[in-house]
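In what follows, chains are A, B, ... by sequence order, proteins preceding strands, each numbered from 1.
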2 protein chains.
Amino acid sequence: MLINELSKKTGITAHTIRYYERYGLIKGVRKNEIKSNKYYHYDDEVVEKLQLIRDAKSIGFTLSEIKQLLDAWFSKKFNVAKKVAVLDEKLISIDEKIKQLKEVKKLIAQFKREVEENDC
Amino acid sequence: MLINELSKKTGITAHTIRYYERYGLIKGVRKNEIKSNKYYHYDDEVVEKLQLIRDAKSIGFTLSEIKQLLDAWFSKKFNVAKKVAVLDEKLISIDEKIKQLKEVKKLIAQFKREVEENDC
DNA sequence: TACAACCTTAGACCCTACTCTAATGTTGCA
DNA sequence: TGCAACATTAGAGTAGGGTCTAAGGTTGTA
């Protein structure tokens with residue numbers, strides 16, 4: 001598929017997709033058999049990657065962290081041990097984020113009780 | 001206390017503290033009785049606010065969201081209902097973040113199992 | 001063949017959240 | 001009194017993550 005279709009499928013603008021491509025997160029291919037244009041073609045793996053990018057961004061991962069994750073996910077260059085190490089690292093950082101969220105939640109809930117009780 | 005002490009107490013640089021002050025998150029006061037300088041003085045409430053800023057930032061709140069939170073927390077201009085509304089909103093957004101984190105965690109854990117099992 | 005609707009690149013611009021510099025003034029201690 | 005260690009302001013610079021524009025080329029349908 002071309003960039004416009006990819007954009008519609010993922011809800012990510014063509015501009016941003018090109019930005020991600022320059023950043024090295026995804027890769028389109030030019031078809032050798034087509035000589036008349038320089039259009040990039042994207043497959044379903046790219047759709048998956050963009051969905052992962054969206055999800056990972058929403059929980060606060062940076063593009064550089066996401067790049068590591070995608071490499072562990074899709075790269076053939078990494079061996080099993082290396083991939084598992086990257087994934088484990090991300091799992092730990094997610095657990096830390098959850099822990100911090102719960103702490104702040106407790107803090108806010110506590111303050112809410114104070115506001116309600118003391119009318120302050 | 002002056003800015004340097006505040007910085008040491010909170011681990012936030014004086015530069016960043018001034019940035020937060022310009023942004024409207026905190027406020028120091030100049031003492032009328034001191035005419036020779038224009039130094040700002042900060043009290044313990046500012047220390048508390050900076051700690052909250054640090055915590056809220058760590059879980060991905062923007063400075064603009066943190067401003068709302070601080071207003072609900074410390075402002076005398078807001079009534080109880082308004083404060084509770086802001087706090088509830090933040091509690092909901094924390095729950096959403098936790099939910100998303102758990103989803104991505106599941107995704108990564110799932111993939112980890114695949115990598116381990118299939119040696120891919 | 002005209003025209004809308006695509007595609008490409010390079011590069012400028014924007015926002016957030018700092019981070020630093022320069023120029024200048026104040027304080028406290030030897 | 002000299003001087004290090006503070007304080008102030010305005011404003012410039014930076015990194016991350018987009019977002020947009022201009023200037024061009026291509027495709028498909030009427």
Side-chain angles (χ1 to χ4, degrees), chain A residues 1-43 46-47 49-70 93 97 100, chain B residues 1-43 46-47 49-70 93 97 100:
Chain A
M1 81 196 77
L2 299 180
I3 199 158
N4 207 30
E5 195 184 339
L6 182 60
S7 167
K8 274 170 192 152
K9 260 193 193 166
T10 58
I12 298 170
T13 67
H15 273 304
T16 301
I17 291 171
R18 290 209 177 93
Y19 176 74
Y20 290 160
E21 186 151 13
R22 279 207 303 287
Y23 196 99
L25 296 177
I26 59 156
K27 228 169 154 26
V29 288
R30 283 176 168 155
K31 307 260 159 148
N32 292 17
E33 63 269 28
I34 301 171
K35 303 267 193 280
S36 59
N37 70 39
K38 304 190 289 176
Y39 296 2
Y40 288 104
H41 296 254
Y42 303 91
D43 59 19
V46 175
V47 176
K49 283 185 181 179
L50 286 176
Q51 281 159 356
L52 180 67
I53 292 170
R54 220 187 29 217
D55 290 347
K57 267 180 49 58
S58 84
I59 62 167
F61 280 158
T62 63
L63 295 189
S64 132
E65 288 173 306
I66 293 170
K67 191 157 170 17
Q68 292 171 32
L69 201 50
L70 284 172
S93 95
K97 281 175 206 248
Q100 281 188 319
Chain B
M1 81 195 78
L2 298 180
I3 198 158
N4 206 30
E5 196 184 338
L6 181 60
S7 167
K8 273 169 194 153
K9 260 192 193 166
T10 58
I12 298 171
T13 68
H15 273 304
T16 301
I17 291 171
R18 289 207 179 93
Y19 176 75
Y20 289 160
E21 187 151 13
R22 279 206 303 285
Y23 195 100
L25 297 176
I26 58 155
K27 228 169 153 25
V29 286
R30 284 176 168 155
K31 307 263 158 144
N32 293 15
E33 64 269 28
I34 302 171
K35 304 266 193 279
S36 59
N37 70 38
K38 304 190 288 176
Y39 295 2
Y40 289 103
H41 296 254
Y42 303 91
D43 58 20
V46 175
V47 175
K49 284 185 180 180
L50 287 175
Q51 281 159 355
L52 180 67
I53 292 170
R54 220 188 28 218
D55 291 347
K57 265 179 50 59
S58 84
I59 62 167
F61 280 160
T62 62
L63 295 189
S64 135
E65 288 173 305
I66 293 170
K67 191 157 169 19
Q68 291 170 33
L69 200 51
L70 284 171
S93 95
K97 281 175 207 245
Q100 281 188 319

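- Y42(B) pairs with exactly one of L50(B), T10(B), L6(B) by the side chain to side chain contact (heavy atoms under 4.5 Å, CB included) rule, that one being L6(B).
- Listed for the N4(B) side chain is no donor-acceptor partner under 3.5 Å among the backbone atoms of S7(B).
- Taking the side chain of Y40(A) as heavy atoms from C-beta on, and the options dT9(C), dC7(C), dC18(C), the nearest nucleotide is dT9(C).
- The residue among Y23(A) and H41(B) whose nearest nucleotide of DNA chain D is located toward the 5' end is H41(B).
- Residues M1(A) and K9(A) form a side-chain contact, since some pair of their non-hydrogen atoms from C-beta on lies under 4.5 Å apart.
- Atom CZ of F61(B) and atom P of dA17(C) are 13 Å apart (whole Å).
- Using a 4.0 Å heavy-atom distance criterion, T13(A) is classed as making no nucleic acid contact.
- E65(A) places a side-chain N or O within 3.5 Å of a backbone atom of T62(A) that can act as its donor or acceptor partner.
- Annotation: side chain of E5(A) is not in contact with side chain of K8(A) (no heavy-atom distance under 4.5 Å).
- Nucleotide dC6(C) holds its P atom 16 Å from the CE atom of M1(A), rounded to whole Å.
- When the C1' atom of dC7(C) is taken as reference, atom CD1 of I34(A) falls 12 Å away, rounded to whole Å.
- Position along DNA chain C of the nearest nucleotide to R22(A) versus R30(A) favours R30(A) as the more 5'-ward residue.
- The shortest distance between the side-chain N/O atoms of K57(B) and the OP1/OP2 oxygens of dT16(C) is not below 4.0 Å.
- Atom-to-atom, CD1 of I66(B) to P of dA17(C) comes out at 8 Å; the value is rounded to the nearest Å.
- Comparing H15(B) and S64(A) by the nucleotide of DNA chain D that holds the closest heavy atom to each, the one mapping nearer the 5' end is H15(B).
- Side-chain contact, Y40(B) with R30(B): a donor N or O sits under 3.5 Å from an acceptor N or O.
- One interatomic measurement links the two molecules: CD of E21(B) to P of dC18(C), which rounds to 15 Å at whole-angstrom precision.
- dC15(C) atom C1' lies 12 Å from atom CG of L63(B), rounded to whole Å.
- N4(A) has no side-chain polar atom (N or O) that falls below the 4.0 Å cut-off from OP1 or OP2 of dA5(C).
- Between R18(A) atom CZ and dA12(C) atom P there is a gap of 18 Å when expressed in whole angstrom units.
- Chain A approaches DNA chain D over the interval dG17(D) to dT27(D), counting the first and last nucleotide 5' to 3' with an atom under 4.0 Å from its heavy atoms.
- To the nearest 0.5 Å, atoms CZ (R18(B)) and OG1 (T13(B)) are separated by 9.5 Å.
- As rounded to whole Å, 16 Å separates atom C1' of dT27(C) from atom NZ of K38(B).
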